[in-house]
Structure formats: structure tokens, C-alpha cells
Number of protein chains: 2
Amino acid sequence: MHSDIVASRSADPKDSREIRESPRESARESRNGSTPHLDAVSLAIIEQLQEDGRRPYAAIGKAVGLSEAAVRQRVQKLLDQGVMQIVAVTDPLTVGFRRQAMVGINVEGDVESVADALTAMSECEYVVMTAGSFDLMVEIVCEDDDHLLDVINRNIRAIPGVRTTESFVYLKLKKQTYMWGTR
Amino acid sequence: MHSDIVASRSADPKDSREIRESPRESARESRNGSTPHLDAVSLAIIEQLQEDGRRPYAAIGKAVGLSEAAVRQRVQKLLDQGVMQIVAVTDPLTVGFRRQAMVGINVEGDVESVADALTAMSECEYVVMTAGSFDLMVEIVCEDDDHLLDVINRNIRAIPGVRTTESFVYLKLKKQTYMWGTR
DNA sequence: TGCCAAGGCTGCGGAATCCGCAGATCTCAC
DNA sequence: GTGAGATCTGCGGATTCCGCAGCCTTGGCA
């Protein structure tokens, strides 16, 4: 997961030490796929930052029962590992990108390689492998209709292995939250 | 857009003054739907925060050519207006929510009212009205298969006006970015 | 034309926060 | 038992945040 994040981070050579994992963690990961282990405290920290990405470390520490420095170290680690990002999110339609769409894709052959090709495209902001009548679902952000047409017809359909695509142009974004940790 | 954000903000009475718009802005909005006007500087600020949601105001100011205080005022206004959120985002599959799915929905009658009902559900983190073979697309986050089944069969299908649903269970999240402003 | 209100920017000073570091504690492996 | 590694705490110093006063520009109005 987060392959783009990991890629951008591993481009930074000084972080290579952060990526290797302790023996203890890898033992836990072995029974859980490649998912890094997250204890209750880290989850609580994430919840705090899902409410407000700029909340001070001291305030988070008071909420989760840790010192300011400990929270800071944990947050930095979560960011380094690519488990979490702290970013501004908007509705693209309100900031100048006038066409946005979800595209369902069917693949023949290796799905993963198609997914990697889509991930490399800057217009694709979201790529998911799915079960169901689509193998992949991709969200794309474009500046106008011509751009959208180009991306779908020339870029996506040109990827080897793509059999069919079906597009769902966005009319209105009704909800966008990241606070599922706090419900 | 951002109906959930707006709702949570308007619950705060002291912010009511922020919502009214200046005559100048409303004139610009009239030729642009209800979208609040964003000038190049605000877009540049958003780009900075899409790279790092915790970047200091002074650093942003240096990048966009504004004082620290001016950046702070603009950011606060963008947050108050609901144009932007600064939050932590993760892959839900890595933090304990083991089932996630995109659901395409067909509606008979008023699409907006169905969308509002979906927006009110805590399991729906993303609701979009679309053109194409679905009227709505919804991303849902669940703890396990039983929970997922419940949400789809009992909650979503029970909404008046929902004609059909089609589910795409997530197998793997490959990409998730918010940096389209910086390409 | 002159005046006024409103919005936005700057500079500033005090409070709060961030940040690196040293030391303590704990766990695990050998 | 002992050493290595990971994590937490406490603590200064540097940085950042925050509110406020003042200035400037814009737009409305008589």
C-alpha cells in the first residue's frame, strides 16, 4: 500500500535505516501479512490527527497518555513508514480541476502491472485493486474535458492488458471524511 | 460539497459571520456557481499544505511571497470556509478496518435525498454523484465481513429510492495522493 | 470629490510549540 | 548475565504560533 509514498521516501537515502524493521515487529507482521503493527496508542494518535492534522504534540500526548517527545517520535515514525500522511485535502472541483471521474477497468493478464502503470500517472490520484465486475478502480483528476478524454482514451486504454474501461464522471462531491477512526 | 464539514462548522454559532461573503466575492461567484473564489496565492498555499500539512506558516509565506501572519489568516479562512481540511490520512486496511468497498448505486426519484442519507452514515467516508451507469458511488469502511454485509444489505438498500447496488470489495490500495496541485 | 467601512497585509512581542539530545527503562536474544 | 535496540521522559534553546495595532487599498455613497 501507499506505493507512491514509499517510493518518494525511499528516494531519500538518509531514511533507509528507518525502513528496516525490528525483529519483534517482523514477528508480529508475519502473522498479519506485511501490515506494520500498530498498537492502541498509535491508533489513538492517528485519531487525534484525523480530527486536526495540526494539533500540537503536547495536546495529543495529554489525550493519549504520553509525553510530548514520545508523541513526536511516534508521529515521525508513522510518517516515515508511510502508514500515515498529514496533508491538506480539498474538493478538486473547487480548486480549478473541472473534470473528475472514477474509472472501472477490466484486465487480462497481470493486474498488478496495470495497477503500477496507472499509479505512475499523475492524473490518477487513487488506484485500488478490487473484487467484482471491475479488476481495478481509478480516480482521475483533470483540468477539462479534453484532458479527461486524453487520459482515458490515450493513456489508460493504451496500457497493455487493459481490456475494457467504464467511466463515471463526477457531478458533485457530497462527502469526504477521514474520521472513521473516531466513530 | 463537503456537506459534512459544512454541517459540523455551522453547528458552531460563532462562525456564522464567516459564512456570509463579501459583495466582491459574491460577484465573482455568480459567474462560477457557488464555488468560493480562490486566487493564485491561495492555491499556492494549498499546494504547500498538500505536500506537508504541518509546514510552518513562515516557510509557506516565503514560498508564496506573503508574511507569516497573512498566510496564517488565509489558512484559517480556507479551513473555516470548508474549502480545505488538514488531516491525517491512512490506508484503512492497515489500521484495523479489514473490509472496504466501493458501491455503485442506481436511484429512482431524487438522487440528492439518497445522497444525503448516505452522507449521514458513518461507514460512508466518500459519497459522489456521478454520470454514467451509476447515479452514486460510495466508499464504505467496515471492520469485518459481517459489518460490510450489514451496511450494504440493511442500511444502503433500505434507503427509499435505491433501486440497485453493485459492490467492489477492495483487495489492495495501490495509490492515494493529494498532490495533484503540484504537478 | 471626499468620506467611510471593510478586507487584507505587515510588523511586533509574548506565549506556546517544536526539536535535538542525554539518560533511564524495558525487552529480547545470545 | 549481558549487550544491543527500541522507546519513553525531561530539559533547554530555537522556532513557531497567535493576537493585536496600524497601514493601505478597494468599493460604495452622498
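Here is the naming used below: chain letters follow the sequence lines, and residue numbers restart at 1 for every chain.
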Residue pairs fulfilling salt bridge (charged side-chain N to carboxylate O under 4.0 Å, His left out) with at least one residue in residues 40-54 of chain A, sequence neighbours excluded: A/Glu51-A/Arg55
Whole-Å gap separating P (D/dA6) and CG (A/Leu66): 18 Å
Mutual orientation of the aromatic rings belonging to B/Phe134 and A/Phe168 [parallel < 30°, tilted 30-60°, perpendicular > 60°]: parallel
Spacing of A/Asp39 atom CG relative to D/dT7 atom P, expressed in whole Å: 10 Å
Atom-to-atom span, NZ of B/Lys62 to P of D/dT15 - whole angstrom: 11 Å
Spatial distance of atom CD (A/Glu166) from atom CD1 (A/Ile105) [nearest 0.5 Å]: 11.5 Å
Atom pair distance, as rounded to whole Å: NZ in B/Lys77 and P in C/dA6: 14 Å
Whole angstrom value for the distance that separates P of D/dC23 from CD of B/Gln73: 17 Å
Nearest-neighbour nucleotide for the A/Pro56 side chain, D/dC18, C/dC18, C/dT10 considered: C/dC18
Interatomic distance, B/Gln76 atom CD to B/Met84 atom CE [nearest 0.5 angstrom]: 9.0 Å
Residue whose nearest DNA chain D nucleotide is more 5′ - A/Val71 or A/Arg54: A/Val71
Inter-residue atom distance B/Arg99.CZ - B/His147.NE2, 0.5 Å rounding: 13.0 Å
Atom CZ of B/Arg157 with >12 non-hydrogen neighbours under 6.0 angstrom: yes
Nearest to side-chain heavy atoms of A/Arg74, which nucleotide of C/dC18, D/dT7, C/dT10: D/dT7
Sugar-phosphate only, base, or nothing, as touched by A/Arg72 at under 4.0 Å among non-hydrogen atoms: base
Rounded to 10 degrees, the angle between the two terminal axes of the helix from C/dT1-D/dA30 to C/dC30-D/dG1, each from five pairs: 30°
Rounded distance (nearest 0.5 Å) linking atom CD of B/Glu139 with atom CD of B/Glu125: 4.0 Å
Length of the CG-C1' vector between A/Asp52 and D/dC17, whole Å: 13 Å
Residue B/Ala70, side-chain atoms from C-beta onward, closest of D/dT7, D/dC17, C/dT10: C/dT10
Spacing of B/Glu68 atom CD relative to D/dC18 atom C1', expressed in whole Å: 8 Å
Length of the line joining A/Arg55:CZ and C/dA16:C1', which is rounded to integer Å: 16 Å
Upstream residue (5' side of DNA chain C) when A/Ala69 and A/Ala59 are each assigned their closest nucleotide: A/Ala59
